[in-house]
Amino acid sequence: MISILQDQIANICKSLYGYDTEVELTRPEVQFGDLTTNVCLKLAKQLNMRPQEIAEAVSRSIAETIPIIAEAKVAGPGFINLTLADEALIQLADQEPTEKYKGQVVVAEYSDPNPFKVLHAGHLYTSIVGDAIANLLEVAGAEVHRVNFGGDVGLHVGRTMWAIIDRLGGEYPDKLADVPEADRPSWLSEVYVIGNNAYEDSEEAKAQIIDYNKKVYDLHNNNDHESPFAQIYWTTRQWSYDYFNEFYDQIGVHFEKYYPESETAPLGLETVKEHIGDVYEQSDGAVIFNGEKYGLHTRVFINSEGLPTYEAKDVGLIMKKWQDYKFDQSVVITGNDIIDYMKVVLRSVEMFMPKLPKRTKHLTHGIVKLAGGKKMSSRKGNFLKAADVLDYAAQANEALTGKQDRVAVLGAVKYAFLKSRLGGDIIYDPKESVSTEGNSGPYLQYAHARARSILRNVDNSNEQILGQLDDSERLLVRKLSESAEVIERSIDELLPHHICTYLYELAQAFNRFYENSRVIGDPRESTRLALVQLYADRLKSGLNLLGIDAPDHM
RNA sequence: GCGCCCGUAGCUCAGCGGAUUAGAGCGUCUGUCUUCGGAACAGAAAGUCGGGGGUUCGAAUCCCUCCGGGCGUACCA
């Protein structure tokens, strides 16, 4: 409907002045109407005329020829402010976002934790953001495949294996049974820190770790599940995946498939080797991609041990995703520390499979810092863990409400992570996130439950919003009418935070309406019930898009 | 050094090249209503949009430069 209106206005401009112009319609402040356009300012430049003069003519023509426009007024330097007829506004409020990705296959990769390591706050962040983006693509009509990539091979695994074997006093897989099930994740993270420190502090340990790293690749190549070393590896690897799955269940994020690096490494290795000469080159015993030719960094894809680095595994991953899905688009969501790294990988793939990088979008986010931030050092393992964030939120919520409410806690964390624009670091304040006042997840969940309670025990199944609105109803409908646009914008930019901002404004608009409009028992009950219904539905679907539950009761 | 990102009210953040007062929330101050879930509503104080130049009829927004912070920069992921 908006795009039709844009075309109509463009046609008016064309017929009056003979220029093709792109008409933008923006949402102005309330006192200026429902929509605003600045086409006349743009036209004035080309025509060398006074913008106001053009605006007068165009607005007159709009008012006369476009029936859904109730009023068109010239303002300021030559804006045209439009007021829609109530019926049109209601129709707009009823509109669903267009399915821009209809028929497209999209692979969304996010979260990407490494087996044998602990889940930190960043994993929680990327999981939440990635899931919201995947949801956006889904409402846009895409067939979305949610996948997860992680390093079950690599130097960090060598470090962990070294520390495990050291702790077990040798390659004794049976001794793993002594670790209580509940302690496995913390046990693993403990030994990882030990292995990490040993690698840096002891030459002897370092050599052993490098050897273990190779042995891990070997056991994959030989499909070894029998040797004591392999048994230790497979058992503790499974501990990691159990821990991940439990975590994802807890936060309500689910993946279709894991791509462990052990599965992408062989393909990556093979692909890189195939292109030594035309894409990659030998240098100091390693295989590199000389990114400096293209203004990028030079990076190692196969190290001098002959093992694939993360780079080669990522090449393998892209190829594997392509084999599995033949995607139209691949969205990868990670921390922003690997922006330049990813450019190198994609640039190298571009040399032999140009369409894959072309279809790949790398979206990045910053890190999660705790409000009142203490410095945290990852070397000693005392960084902010995913579980810590959830714990802090649960504690803050219980301190505030005296209750344990998983749905509210999760809503609080997710909303807090999503409401800022994607890209930079975020500062997480548990207290603020669970607060029931202000721009928070629980506030919106409550707003939804409150609206539902009005509808409870009333039969409004046949109610419709009528054509004539009073002032307070109209303000609410005006806000509701932005819904589809906001979601479309979030989809276009793949930025979920627009939806957060909007939902909060919507809830405020509703509270204002509700403050001075009686619903039940009022002569306008039927229109108002339909309005409440539409509002509650929009709020719920918006929250769901963000991956946040909207319960009927709280 | 080079490259990328960031710097908007006390704090946490929005802000689509265009409208007289740059917007929210929290915090501070002041009001409203015997509430259909008040977890509400109305209002006030609070900003040289990091500094300086430039482009434009018009810049928080685009360009340059300086300052401050973060990240990246060949065998980690």
Side-chain angles (χ1 to χ4, degrees), chain A residues 24 26-29 31-32 36 38 41-42 44-45 50-51 75-79 81 112 114 117 150-151 154-156 158-159 196 199 261 283-292 295-305 307 309-311 313-314 334-341 343-344 364 366-367 371-372 400-401 416 419-421 423-429 431-433 435-440 442-447 449-458 489 493 497-498 500-501 504-505 508 510-512 514-522 525 528 532 553-554:
Chain A
E24 268 181 84
T26 57
R27 297 278 182 168
E29 284 173 42
Q31 67 265 34
F32 300 123
T36 292
N38 62 355
L41 290 153
K42 287 196 215 159
K45 204 165 207 170
R50 283 184 58 241
F79 293 94
N81 294 328
D112 296 353
N114 285 325
K117 289 171 83 170
L155 206 51
H156 68 284
R159 289 171 180 159
N196 200 29
Y199 182 84
E261 283 183 6
S283 175
D284 291 342
V287 177
I288 62 158
F289 178 72
N290 188 347
E292 274 149 54
L296 303 170
H297 301 310
T298 291
R299 300 198 62 108
V300 170
F301 282 63
I302 302 175
N303 68 22
S304 41
E305 302 286 331
L307 296 176
T309 59
Y310 193 48
E311 285 79 344
K313 296 170 195 166
D314 240 323
T334 75
N336 56 21
D337 51 337
I338 64 166
I339 289 177
D340 290 335
Y341 155 84
K343 280 185 190 159
V344 175
T364 64
I367 59 175
L400 183 75
T401 65
K419 73 174 175 178
S420 292
R421 186 185 189 90
D425 294 348
I426 57 165
I427 293 171
Y428 176 68
D429 185 342
K431 222 185 240 172
E432 193 185 300
S433 77
S435 171
T436 52
E437 285 160 16
N439 192 358
S440 77
Y443 171 90
L444 292 175
Q445 288 174 318
Y446 180 80
R450 189 183 179 207
R452 291 288 173 209
S453 81
I454 300 164
L455 301 169
R456 216 149 21 234
N457 308 318
V458 184
R489 185 177 171 202
E493 301 177 2
H497 78 284
H498 293 306
C500 296
T501 308
Y504 185 63
E505 287 170 3
Q508 282 182 315
F510 179 80
N511 284 335
R512 279 176 205 135
Y514 196 54
E515 188 71 17
N516 37 37
S517 301
R518 178 94 205 164
V519 175
I520 292 165
D522 189 89
E525 175 179 301
R528 289 178 181 175
V532 176
H553 303 268
M554 284 189 80

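Only a predicted model underlies this, so the values are computations on that prediction, with no experimental measurement involved. Chain A is the first sequence line, chain B the second, and so forth, proteins listed ahead of strands; every chain is numbered from 1.
- OP1 or OP2 of B/rC4 has not a single side-chain nitrogen or oxygen of A/H297 nearer than 4.0 Å.
- Using atom P as the reference point in both B/rU21 and B/rA60, the two lie 14 Å apart (nearest Å).
- Residue A/A447 is out of contact with every strand shown, counting any heavy-atom pair closer than 4.0 Å.
- Between A/K313 and B/rA77 there is a side-chain N or O to OP1 or OP2 distance below 4.0 Å.
- Taking atom CZ on A/R50 and atom P on B/rG18, their separation rounds to 21 Å, with Å as the unit.
- Across B/rA77, B/rG18, B/rC16, the shortest atom-to-atom separation from the side chain of A/I338 is found for B/rA77.
- With hydrogens and angles left out, the side chain of A/S420 and the base of B/rA14 share no donor-acceptor pair within 3.5 Å.
- Where A/R27 and A/A286 meet RNA chain B, the nucleotide closest to each residue was compared, and A/R27 sits on the side nearer the 5' end.
- One atom, NZ of A/K419, and another, C1' of B/rC26, lie 9 Å apart when rounded to the nearest Å.
- Base contact: A/Y514 has a heavy atom under 4.0 Å from a base atom.
- Ranking B/rG18, B/rA77, B/rC41 by closeness to the A/Y443 side chain, first place goes to B/rC41.
- Listed nucleotides B/rG72, B/rC75, B/rC41 differ in distance to A/D340; the shortest reach to its side chain belongs to B/rG72.
- Ring-plane geometry between A/F289 and A/F301 is classed as perpendicular, the angle between the planes exceeding 60 degrees on a 0 to 90 degree scale with a lower cut at 30.
- Applying the 4.0 Å criterion to OP1 and OP2 of B/rA14, one finds that A/R421 has every side-chain N and O outside that range.
- Distances were taken from every side-chain heavy atom of A/E432 (C-beta onward) to each of B/rC75, B/rU12, B/rG18; the shortest belongs to B/rU12.
- If you check every strand for non-hydrogen atoms under 4.0 Å, A/R456 touches a base.
- Between B/rU12 and B/rG50, the distance separating the two P atoms is 15 Å to the nearest Å.
- Of the candidates B/rA42, B/rC76, B/rU12, B/rC76 carries the atom nearest the A/R159 side chain, counting heavy atoms from C-beta on.
- Taking side-chain N and O atoms only, A/R512 has a distance below 4.0 Å to OP1 or OP2 of B/rA42.
- You'll find that the side chain of A/F79 is closest to B/rG18, out of B/rA77, B/rC26, B/rG18.
- Proximity note for A/I427 (side chain, C-beta onward) versus B/rC13, B/rG25, B/rC76: the nearest is B/rC13.
- In this structure, of B/rA42, B/rC71, B/rG15, it is B/rC71 that holds the atom nearest to the side chain of A/D337.
- One cannot find a donor-acceptor pair under 3.5 Å joining the base of B/rA77 and the side-chain atoms of A/T309.
- Regarding contacts with the backbone of B/rC41, a side-chain N or O of A/N511 is found under 4.0 angstrom from either OP1 or OP2.
- For A/N38 against B/rG18, a side-chain-to-base donor-acceptor contact under 3.5 Å is present.
- Between A/S453 and B/rG37 there is a side-chain polar atom (N or O) within less than 4.0 angstrom of OP1 or OP2.
- Each of A/H498 and A/H553 was matched to the nucleotide of RNA chain B holding its nearest heavy atom; the match closer to the 5' end belongs to A/H498.
- For the pair A/T501 (side chain) and A/H497 (backbone), a donor-acceptor distance under 3.5 Å is present.
- Here B/rG37 presents its C1' atom at 15 Å from CD of A/Q445, a figure rounded to the nearest Å.
- Here A/Y310 and A/Y341 bring their ring centres to under 6.0 angstrom of each other.
- The side chain of A/T501 lies closest to B/rA14 when the candidates are B/rA24, B/rC36, B/rA14.
- Residue A/Y341 contributes atom OH, which lies 11 Å from atom P of B/rU73 at whole-angstrom precision.
- The pairing partner recorded for B/rC11 is B/rG25, the criterion being a Watson-Crick or G-U wobble arrangement whose two distances lie under 3.5 angstrom.
- Atom P of B/rG23 sits at a distance of 14 Å from the matching atom of B/rC49, rounded to the whole Å.
- In this structure, A/Q508 reaches the B/rG25 phosphate: one of its side-chain N or O atoms is under 4.0 Å from OP1 or OP2.
- Nearest nucleotide to the side chain of A/H497, out of B/rA14, B/rG37, B/rC75: B/rA14.
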